[in-house]
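Data first, discussion second: the structure below is written as structure tokens.
Sequence positions, counted from 1, serve as the residue numbers for this chain. These numbers come from the heavy atoms of this one structure, side chains and all, not from hydrogens, waters or symmetry mates. Just follow the structure's listing: the first ligand is 1, and inside any ligand the first atom is 1.
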Amino acid sequence: MANEKQFTYWNEVAGPKWVKVGDEMDSRFTAITDLLVTQADVKPGERVLDIGCGMGPTTFCFADKAGPEGHVTGIDISTPMLNVARQRGAGIPRLDFLLADAQTFQFDAAKFNVLASRFGVMFFGDPVAAFTNLRAALVPGGRVCFVCWATLDENPHWNIPFQLVAQRLGYPEERPARAPGPMAFADAGYVAEILTRAGYSDIAVTPTPVPIIGKNLTEEAQIACLLGPSGALTDEKQADEATRQILREEISTALAQFDGPHGIKLPATVNVVTATNR
Ligand SMILES: C[S@@+](CC[C@H](N)C(=O)[O-])C[C@H]1O[C@@H](n2cnc3c(N)ncnc32)[C@H](O)[C@@H]1O
């Protein structure tokens, strides 16, 4: 299997965590979803593939845009996340969910008008192979539009908790630069190179500031200790519950600077990536 480690990770570790906080993540990512849906500009009647669709938040948005004549497929390797997506999407006719690896799945040729993703394409062991495989599923002239995280420095919502965890528990074991993970596509030039090598045209990678809207500091600190670079480091260092509690308190205090009268607004930057199959 091409992405065996990620398969295990998204089925046994990260998937169950995302299922726990799925609703919170969706409300935090509202502005990012709006940005993606606007940029993808799915037209009525179009066929869309949502890559690494998770529990389907963006898949449902694309289905709305594609309308009754269109169709949307969400593909993902995580059974727990797809189970939620299927429950949520039950009864919607122009939608299906596929449990498969987007890097290697043999799609019907030229099946989709649009390949889209919110944070679902940074986990391929061989990104060029994955995007080459995906391009074969695009009609000539078809479009790619996805968002991925820019650098850690441009994402204080991850970086502040990550630095606090690292100060207390140490930095992560060294791993290859750009190893599959949430920050693997942070370098705009690297993403453009992947898409060029995979045969796409009209490639644009645009770092775009966008807020993450949090509900309260307690929830933000919980999410930071669960997911992303800070959550992964907390797990890697096998922090016990007492240490996690201290970290949650430290993170909550550090993020208080972003708490305002209208809730928490954390600064973030995503790379908006667009390309065509010409
Ligand atoms: C950070 S989550 C994002 C989920 C969803 N797009 C969202 O924004 O809520 C990344 C998703 O990519 C999926 N994924 C990772 N590697 C994949 C692969 N090779 N093929 C398909 N999905 C993959 C994971 O299972 C996970 O659901």
Side-chain angles (χ1 to χ4, degrees), residues 1-37 39-40 48-63 72-86 88-89 96-107 112 115-134 137 145-149 155 157-158 179-186 194 198 210 212 223-224 226-232 268 270-273:
M1 189 191 278
N3 292 297
E4 197 173 346
K5 261 185 161 172
Q6 290 296 321
F7 181 87
T8 305
Y9 179 68
W10 285 102
N11 277 283
E12 294 175 15
V13 183
K17 288 183 183 179
W18 269 77
V19 167
K20 265 194 212 154
V21 294
D23 290 340
E24 289 86 338
M25 293 307 270
D26 282 343
S27 94
R28 295 172 80 240
F29 288 169
T30 305
I32 296 170
T33 304
D34 290 349
L35 176 66
L36 173 66
V37 171
Q39 293 286 324
V48 182
L49 180 68
D50 188 359
I51 306 158
C53 64
M55 291 173 281
T58 50
T59 325
F60 302 123
C61 297
F62 297 134
V72 183
T73 298
I75 182 169
D76 205 286
I77 51 170
S78 172
T79 297
M81 293 172 84
L82 274 191
N83 283 345
V84 176
R86 286 184 172 129
R88 287 178 173 173
D96 63 44
F97 289 101
L98 178 63
L99 177 67
D101 185 336
Q103 181 176 320
T104 53
F105 183 76
Q106 296 292 296
F107 299 97
F112 301 106
L115 305 178
S117 183
R118 185 183 85 177
F119 304 134
V121 294
M122 304 91 86
F123 307 94
F124 299 128
D126 186 340
V128 174
F131 278 98
T132 303
N133 183 47
L134 287 161
C145 181
F146 64 83
V147 290
C148 52
W149 296 113
N155 281 290
H157 65 105
W158 285 139
M183 311 312 289
F185 278 16
I194 289 168
V210 61
I212 289 177
I223 287 172
L226 204 61
L227 300 171
S230 45
V270 295
N271 287 331
V272 177
V273 182

Practice item. Evaluate the criterion side-chain contact (heavy atoms from CB on, under 4.5 Å) for residue pair Ile75 and Phe107; output intermediate values, then yes/no. Key: CA-CA 11 Å; Ile75 182 169; Phe107 299 97; 3.7 Å; yes

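- Using cut-offs of 30° and 60° on the angle between ring planes, the pair Phe124 and Phe131 is perpendicular.
- Ordered by chain and residue number, the residues placing a heavy atom less than 4.0 Å from ligand 1 are Asn3, Trp10, Trp18, Gly52, Cys53, Gly54, Pro57, Asp76, Ile77, Ser78, Met81, Ala100, Asp101, Ala102, Arg118, Phe119, Gly120, Phe123, Phe124.
- Annotation: Lys17, atom NZ; neighbour count of heavy atoms from other residues, nucleotides and ligands within 6.0 Å is above 12.
- Below 30°, between 30° and 60°, or above 60°: for Phe185 and Phe146 the angle between ring planes is between 30° and 60°, a tilted geometry.
- Classification of the Phe29-Trp18 ring pair by plane angle, with boundaries at 30° and 60°, yields tilted.
- Remark: side-chain polar atoms of Asp76 are paired, donor with acceptor, to backbone N or O of Ser78 under 3.5 angstrom.
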